[in-house]
Structure formats: C-alpha cells, structure tokens
Amino acid sequence: MSVPSSRRYLSLWLRRLSTDRIERRLPAPADGPRVVVASIESAQRIVALNDAAARLGLKTGLALADARARYPSLPVVEADFEADSALLDAIADWCDRYTPLVGLDAPDGLVLDITGCAHLFGGEAALARDLVVRLAHQGFAARVAVADTVGCAWGVARYWHRETRVVVPSPLAGEGSLELQHKEWVRGAASPLTHSCLLDAQRSPLPQGERARDASAGCSVNVVPRGETEAAALPLPIAALRVDAETVAGLRTAGLTSIADLVSRPRAPFAARFGEILLRRLDQALGRIDEPITPRLPVPAAMAEQRFPEPIAREDDVLGTIERLARRLDIVLERRGEGGRLFQTALFRTDGVVHRLEIGTGAPLRDPPRVRKLFQERLAVLGDVCDPGFGYDMVRLAALITERSDPVQTGLAGGDRAEEIAHLIDRLGARFGLRRVTRLVPQDTHIPEYAVIAVPAHAAKEAPAGAPPIEQDSLLTVRPLRLFAKPEPIDAIAEVPDGPPIRFVWRHITHQVTQVEGPERIAMEWWRNERGQKLTRDYFRVESKAGTRAWLYREGLYGDEVKPPLVPRWYLQGLFA
Amino acid sequence: VEVRECLEQNMNNSRGFAMGSALPQPTLQHLRQALAGIDPSLGPCLPEPGQIIGTGVPDIDAALGGGLLRGALHEFSPTAPMHLAAATGFAMALTARACGTKGQLLWIVTEFALMEGGGPYGPGLDLFGLPSARLLVLRVPRAVDALWAMEEALRCRALDSVIAELADDAPADDLTTTRRLMLAARQGGCPGFFLRYRATDAPSAAATRWQVAAAPSRSDIYGGLGRARFDLSLRKNRRGSCGRWFIEWDHHERAFQPKISVAMAPPALDRPDRAPAARAG
C-alpha cells in the first residue's frame with residue numbers, strides 16, 4: 001500500500017531542551033527538580049520541567065501555585081523562549097556536520113534528511129548514536145529515530161517508549177544496557193528492529209563522562225528499517241501523528257487510541273469530523289504522500305568536507321585543509337564545466353560552535369590556491385571572531401553558487417592580465433567587502449553628481465557608452481578632477497545677483513577670484529522633487545589668486561526661482577587640477 | 001666574502017694608489033659590480049627605457065636621471081590644503097603617462113579622505129587624459145588598510161599604477177612601511193603614488209618626494225582659464241638633485257609643457273596664439 005520511499009529521515013527530539021539549557025550552565029551537575037514557568041492565561045504555568053520534577057508527578061500545564069503547594073521549595077525559572085529557539089538554531093547549525101539538509105521542527109526538534117549520508121558514519125544506527133552521544137556530552141537529552149518518512153521518525157522518536165512502557169536505559173551506560181534496550185523493544189512490541197543495528201551499536205564502546213551520564217537518562221536511538229514504516233507506526237498512539245490535543249481527545253472518546261485503529265476504519269467520517277489534516281498526517285507518516293523537509297540553509301551546488309580525529313587549530317592547517325577540499329571541489333566542478341561564484345567554509349569547533357566564512361568572486365573560480373588565498377584574506381580580517389578554541393574537528397567547503405565557466409586557452413607568455421586583475425579584485429573584496437572595490441560607470445544625465453556612479457567592480461562587466469559628451473570649450477578641463485559627494489556651502493560675493501563671484505570663503509579661507517569662466521547653466525530634470533533639488537544651477541569655473549581652481553555653483557535663478565529678499569546660495573562642488 | 005675580498009683588494013690598491021702605482025677607478029667599478037651581484041638594488045641604477053616614466057620636460061628628466069622610476073614609490077603632497085587638487089592632478093598626469101593607452105590603475109582612498117577631499121570624478125578624469133573606465137577605486141575604512149591594499153596591488157603584475165590617498169599620515173610616517181611598499185613596487189614593476197594630504201618631513205624610502213601647488217594659469221586671449229599649471233618642488237630625489245619647476249599639463253596631448261615664468265613670457269597679442277587650435281579640446 002505504501003509507496004517505497006528512497007529517502008531516509010532522522011528525527012531528533014530534545015525532550016528537555018529548556019531545562020537542559022539552564023542546567024548545562026550551572027557550575028555543578030544538578031540533580032534536583034527544576035521547572036520552567038511562563039504566564040499562560042493569566043496564570044503562571046509550568047511549560048517545561050526536568051526528569052527529577054517529572055518523577056515528583058509534576059506535569060506541563062500545571063499552575064505554579066499548585067506545584068508550590070505540593071513542593072514549596074521547588075526551584076523555578078522564568079521561561080525564555082528566544083533563548084530556547086536560539087539554542088535550537090545553534091544545534092541545527094551543528095547538525096550540519098551530518099547532512100546539509102537540516103530542517104527545524106520547532107519548538108524542540110530537528111529533522112535531518114540523511115539519505116546517502118549514513119554510510120559515512122558507519123551506518124544509520126552509528127550516525128544516530130554519534131549524534132546522541134555528542135549531544136549528551138554537551139548536556140542534552142536527545143531521542144532520535146530514523147525512518148522512511150518524517151512522520152514516522154517523529155512519532156517513533158517521541159512516542160514509542162512512553163506509550164508502550166518500554167524501559168529504555170541510556171545508550172551511554174554501557175553495552176549491556178544497550179542490548180537490553182533492543183531486547184525490550186523486540187519483546188514489547190514486535191519491533192521491526194533488525195539485529196544489524198544492534199550489532200552496530202555494540203561494536204564500539206561508548207565514551208562516558210560525568211555530565212554525559214547525567215544527561216543520558218532518557219536518551220534513545222531507534223532505527224526503523226527501510227520498508228517497515230507501517231509496522232513501526234501502527235502501534236503508536238494517535239498523538240504521534242502530529243495532530244493537536246483536541247483531535248487526540250476526540251478520537252479517544254470514540255475509543256480510538258492508536259494509529260492502527262485509524263487505518264482499519266473508513267476514511268470519510270474522519271475527514272468530516274476532524275478535518276483533512278488528520279488524514280494527511282496519517283498518509284505522511286505511512287509514506288503514502290511525500291513530505292519534503294525545508295532545509296534551514298541553502299543547499300550547496302557542490303561541497304567537500306574533511307573530519308579530523310584530532311582537532312586542528314592553526315591557521316595554516318585550516319587553510320591547507322581548505323586548499324585540499326578546493327582541489328576536490330575543482331574535480332567535481334570541472335566535470336560539470338562550472339566554477340564557483342560564492343564559496344563557504346564551515347568550521348565545526350569541537351565544542352559545537354560553527355563558524356561560517358563566505359567569499360564571493362567576480363568570475364567563476366576553481367583554482368585551489370586562489371580559493372585558499374581568498375579565505376586567507378577573509379580569516380585575516382575576521383581575526384578574533386573566528387577563535388579556534390580547542391580546535392576544529394571538521395571543515396567543510398561548499399560552492400553555494402556556481403556558474404558556467406568555459407575553458408580558456410592560456411597564452412604561452414603566462415598569466416593573463418585581465419585574470420590577474422579579477423583575482424586582485426576578489427582578494428581586495430575578500431578583505432574589505434566586494435562593494436568597496438568599484439568602477440566608475442557613466443550615466444545618461446547632465447547633473448554632475450549623478451553623471452557617474454560607483455558600481456562594484458565584480459558586477460561592472462563593461463562600461464555602457466550612455467553618457468552624453470561634454471563640450472570642451474576651455475583650455476582647462478570643463479569638469480573637475482575631484483568632486484565632493486555633498487557640495488560644500490560657501491560664502492560668495494558677486495557684483496550683481498546673477499553675476500560671477502569675485503570672492504568666496506571656503507573652509508575659513510578667503511579666495512580672491514582672478515579669472516572666471518561661466519556660467520554653465522544646468523537645469524534639473526523635471527522629475528526631481530521640490531525639496532531643494534529642483535533649482536537650476538549656474539556653474540562657474542574660477543581661479544583664485546593663489547592658483548586654486550574650483551567649480552562653484554549658485555543654486556536657483558535670482559528673482560525667478562529665488563525671490564528677493566532671499567538670495568541664492570553658493571556651493572563648491574569640485575576642484576580642478 | 002666576495003665583498004670583503006673586494007674591500008681588501010681595494011685597500012691594497014688604495015695603498016698602492018698612495019704610492020702612485022694603481023688607479024682606484026676600476027676597483028670601485030669592480031666593487032660596485034660585486035655588490036650588484038649580491039643585491040641588484042644596490043648596484044648602479046641605470047634604468048632601461050621601459051623602466052622609467054619620462055615627464056617630457058628636459059630639465060626635470062635630467063634631474064630625475066631620465067624620468068620617474070617605474071618600479072618605485074613616489075610621494076606627492078600639496079604645499080597647502082587648498083592645493084590638494086593640484087597634487088592630485090600632477091599624480092594623475094604622471095599616471096596618464098605611465099598607463100599609456102591600455103593600462104589599468106587602482107586608486108585607494110580612505111573613507112575619511114573621500115569626505116575631506118572629494119572623490120575622483122569620472123568625466124573630469126576622462127577630459128584630463130585618463131579614461132575613467134580603466135580606473136578601479138577601492139574605499140577602505142582605515143589608513144593601515146590602504147597601505148595593505150597598496151602593497152598587495154603593487155605586487156600584482158597586472159596593474160600599471162597604484163595611487164593611495166592618505167588623509168592621515170601617521171601610519172605611513174614609518175621607514176619600514178615605505179620600504180615595504182618600495183620593495184613591492186620593485187617586485188611588481190609598477191609605480192606607486194602616495195598622495196599625502198599635508199607635507200611631511202618624516203623619513204621615507206620613496207624614490208622621490210614632491211610638493212605641488214597650483215600656479216596661476218595663463219589665460220587665453222579671451223580671458224578664460226588656461227591649462228592646469230603646477231608649481232613643483234622636488235624635495236627628495238634618490239637618483240639626482242632636487243629643484244623647482246613650473247610646468248603646464250596639456251591634457252589634449254597628454255604632455256607636460258615647461259613654463260619658465262608667467263612674467264618672462266607675456267602672451268603674444270600681435271600674432272595668433274597656438275592656443276585656439278587646442279581649444280577644440
């Protein structure tokens with residue numbers, strides 16, 4: 001009945017995310033109960049609690065006043081949903097080490113598409129176990145399930161143990177208990193788990209630590225083999241279908257508690273009573289309809305990665321690794337006839353922090369030494385932001401954006417000048433930002449400050465020939481060499497209100513005008529607005545007694561645009577050589 | 001070791017010379033050659049024609065030993081802040097001569113300098129003889145970044161000229177910094193032009209140091225403004241003497257014209273001047 005799916009999904013549930021977040025910050029491991037409260041419906045209610053609190057019989061949704069009545073000394077922490085979500089984001093970032101397809105499953109879970117990734121870690125069970133162990137070392141209790149569908153993995157991760165009352169000891173507590181877990185499973189619910197998974201889990205002993213052991217309570221790894229989705233999903237409770245509590249309660253009153261109860265009955269009445277969502281969730285869980293995940297980050301066009309048994313921390317090692325990875329990317333991209341326009345290096349620190357560096361290039365790039373050089377500039381700028389701490393245990397290089405790049409015949413004389421310049425632009429761009437390396441592109445307008453604009457050099461391929469030619473009617477160039485982006489107001493004196501200036505004061509220095517050319521009248525374009533932008537300008541080229549040559553203008557026509565007693569204002573806009 | 005041998009030989013010879021038996025001149029030559037064998041930069045510097053930028057003004061070229069050295073650092077500063085554009089203009093004119101018709105150049109400017117002195121203006125550069133399409137402008141936040149970028153760009157062999165503008169002199173007032181830039185310029189064979197915003201006497205490894213002021217231009221017969229005219233003071237020259245000159249930049253011909261003095265050469269009003277011919281632009 002179900003469509004055989006080729007994909008494999010891993011659902012990660014951080015069952016005590018809020019309390020783990022608080023407890024891992026504490027100086028010493030805390031065993032006591034702890035609850036997190038938030039104001040819901042004008043009452044302080046428990047929104048999260050740790051295992052110790054759960055053993056006391058407290059539940060989420062309970063009013064804090066009731067909990068306090070039972071346990072007056074109960075430690076209470078105010079909920080911080082933003083911190084929780086930031087933490088989940090950070091964990092998702094870290095999960096990138098397993099697969100580039102990581103989706104958020106708010107508020108306390110993640111979904112990873114591990115299709116084709118598992119063999120790199122020695123199988124799905126080994127991957128999942130590695131994930132749980134590493135999270136446990138960081139102080140997180142995690143439950144993980146791998147299945148053919150997102151829905152099934154979600155349900156198994158969250159509901160398998162709870163409802164079937166299987167005692168699940170920690171996978172970190174040793175091999176024996178791990179075996180026990182699987183045996184329990186097999187006995188309890190005719191689990192579809194295969195023994196290969198069990199053997200996998202037994203092969204390597206698991207590391208143990210103080211904090212890890214504390215957090216390990218309630219960790220679990222379940223792998224539903226390929227094609228056994230239904231067998232795994234049917235015994236699960238209806239809440240495992242990702243439907244709201246109201247629907248679950250409604251079905252319970254009808255005597256339906258497990259997914260199997262739903263599957264064996266006609267569908268139409270369910271759709272009529274509970275809406276389409278219930279059946280859609282059911283189909284998604286059983287793999288009858290497809291459910292893709294939404295990756296958090298763009299999926300790169302090509303990537304290469306390297307893991308290290310011993311973390312690396314020296315900059316040279318990191319750059320060397322980047323160059324090696326670039327060499328591997330080079331092969332992939334060359335086969336496709338492409339080059340990268342945007343590269344990203346992800347540095348996975350041993351303590352879970354992920355640094356991402358990005359560099360853009362002006363032209364499609366594959367050459368490994370150049371990629372290395374660009375990242376070297378980037379690292380040099382970032383400096384302390386990229387603190388390696390205890391080192392990086394994984395480095396990944398990805399080409400996020402690629403573009404077609406045809407092979408070019410190189411000359412015998414060596415490097416091409418244009419290519420050299422393109423690489424220099426990339427290097428300067430990696431250091432200062434590509435927007436800071438600009439070319440001047442002329443525009444089709446007479447207004448001096450808009451007649452040329454600075455365009456990022458990597459974007460400006462060829463200068464369009466759209467600028468109107470300027471009439472050169474003087475021995476001096478009619479346009480200045482330097483132009484102020486913002487014209488500087490000056491005090492100028494003219495013999496008559498619309499005549500040329502005879503004296504002006506710029507930056508506290510008085511200049512006597514000895515020679516003058518002008519006016520050159522430049523009217524604003526009709527669509528310019530009224531806010532001082534529309535006034536006609538009369539430009540004068542003047543030379544002072546000392547020899548300074550400046551470009552001045554008077555804003556507004558006297559008596560026409562500027563009515564007396566107001567007088568037009570003067571500005572200095574540029575300087576001639 | 002070679003040098004020591006030479007020196008010993010030299011001393012022996014000079015002793016000999018004292019006794020009137022040997023000539024010192026060939027030995028000195030030999031010593032120079034030996035030094036040049038160790039480090040080419042120490043040897044007698046006789047640049048090839050492609051290695052220099054000639055100004056085209058005989059007096060200046062003679063003082064410079066043929067022209068400005070291409071693979072070297074040159075400093076320009078205005079005599080007063082209001083002459084900044086003149087210093088820019090002289091550097092631009094030299095760049096126009098250095099780049100020829102195809103070369104690319106990089107102009108590095110700090111954000112502060114952009115506010116203080118204005119940015120390079122494309123249409124003005126085009127008219128001045130330096131097509132703005134060949135210009136790359138890099139804006140950097142700090143002066144030290146400008147120095148770094150300049151060194152990086154000088155080493156790149158594809159550029160024909162690199163100009164760095166510094167409104168704040170402090171980071172460049174350092175012999176080590178300028179020496180690094182000088183070495184980079186020599187490596188890349190590309191001239192580096194340093195445009196300082198104020199004149200300084202701080203030590204520098206630059207090959208030449210110029211102070212530039214705008215000089216009153218000679219107007220045409222109709223009373224308009226004349227060509228850009230510079231009052232140049234060569235304050236430092238590693239390969240010759242210093243001096244002071246007045247020159248004009250003919251942006252149409254891309255050539256400097258020597259002018260001795262305005263007073264000594266009054267406009268010839270009795271016969272047609274050559275200027276109107278150039279007025280077509």
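In what follows, chains carry the letters A, B, and so on, assigned in the order in which the sequence lines appear, proteins first and then strands, with residues in each chain numbered from 1.
- Ring-plane geometry between A/Trp551 and B/Tyr121 is classed as tilted, the angle between the planes lying from 30 to 60 degrees on a 0 to 90 degree scale.
- If you measure heavy-atom distances from B/Phe90 to chain A, you find no contacts under 4.5 Å at all.
- When each of A/Arg427, A/Lys545, A/Arg541 is scored by its heavy-atom pairs under 4.5 Å with chain B, the top score falls to A/Arg427.
- Both the backbone and the side chain of A/Ala546 have a heavy atom closer than 4.5 Å to some heavy atom of chain B.
- Scanning residues 369-381 of chain A against chain B with a 4.5 Å heavy-atom cutoff picks out A/Lys373, A/Glu377, ordered by number.
- Using a 4.5 Å cut-off between heavy atoms, B/Glu111 contacts chain A through its side chain alone, with no backbone atom that close.
- With hydrogens and angles disregarded, no donor-acceptor distance shorter than 3.5 Å links the side chain of A/Glu517 to the backbone of B/Gly224.
- Formation of a donor-acceptor pair under 3.5 Å by the A/Arg482 side chain with backbone atoms of B/Gly118 is found in this model.
- If you measure heavy-atom distances from B/Pro81 to chain A, you find no contacts under 4.5 Å at all.
- A/Arg503 is linked by a salt bridge (Lys or Arg N to Asp or Glu O under 4.0 Å) to nothing, counting only residues two or more places apart in sequence or in another chain.
- Look at B/Arg229 and A/Glu543 and you find no salt bridge, because none of the NZ, NE, NH1 or NH2 atoms lies under 4.0 Å from a carboxylate O.
- Atom NE2 of B/His251 and atom OG1 of A/Thr477 lie 5.5 Å apart (nearest 0.5 Å).
- Although no hydrogens or angles enter the test, the distance criterion places no donor-acceptor pair under 3.5 Å between the side chain of A/Arg436 and the main chain of B/Leu138.
- In this structure, the portion of B/Met92 lying under 4.5 Å from any heavy atom of chain A is its side chain and not its backbone.
- In plain terms, the two heavy atoms of A/Leu481 and B/Gly89 that are nearest each other are CD2-CA, 3.4 Å.
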Can you list the steps and then say if A/His511 with B/Met82 is a side-chain contact (heavy atoms from CB on, under 4.5 Å)?
CA-CA 10 Å; A/His511 298 263; B/Met82 63 179 174; 3.3 Å; yes

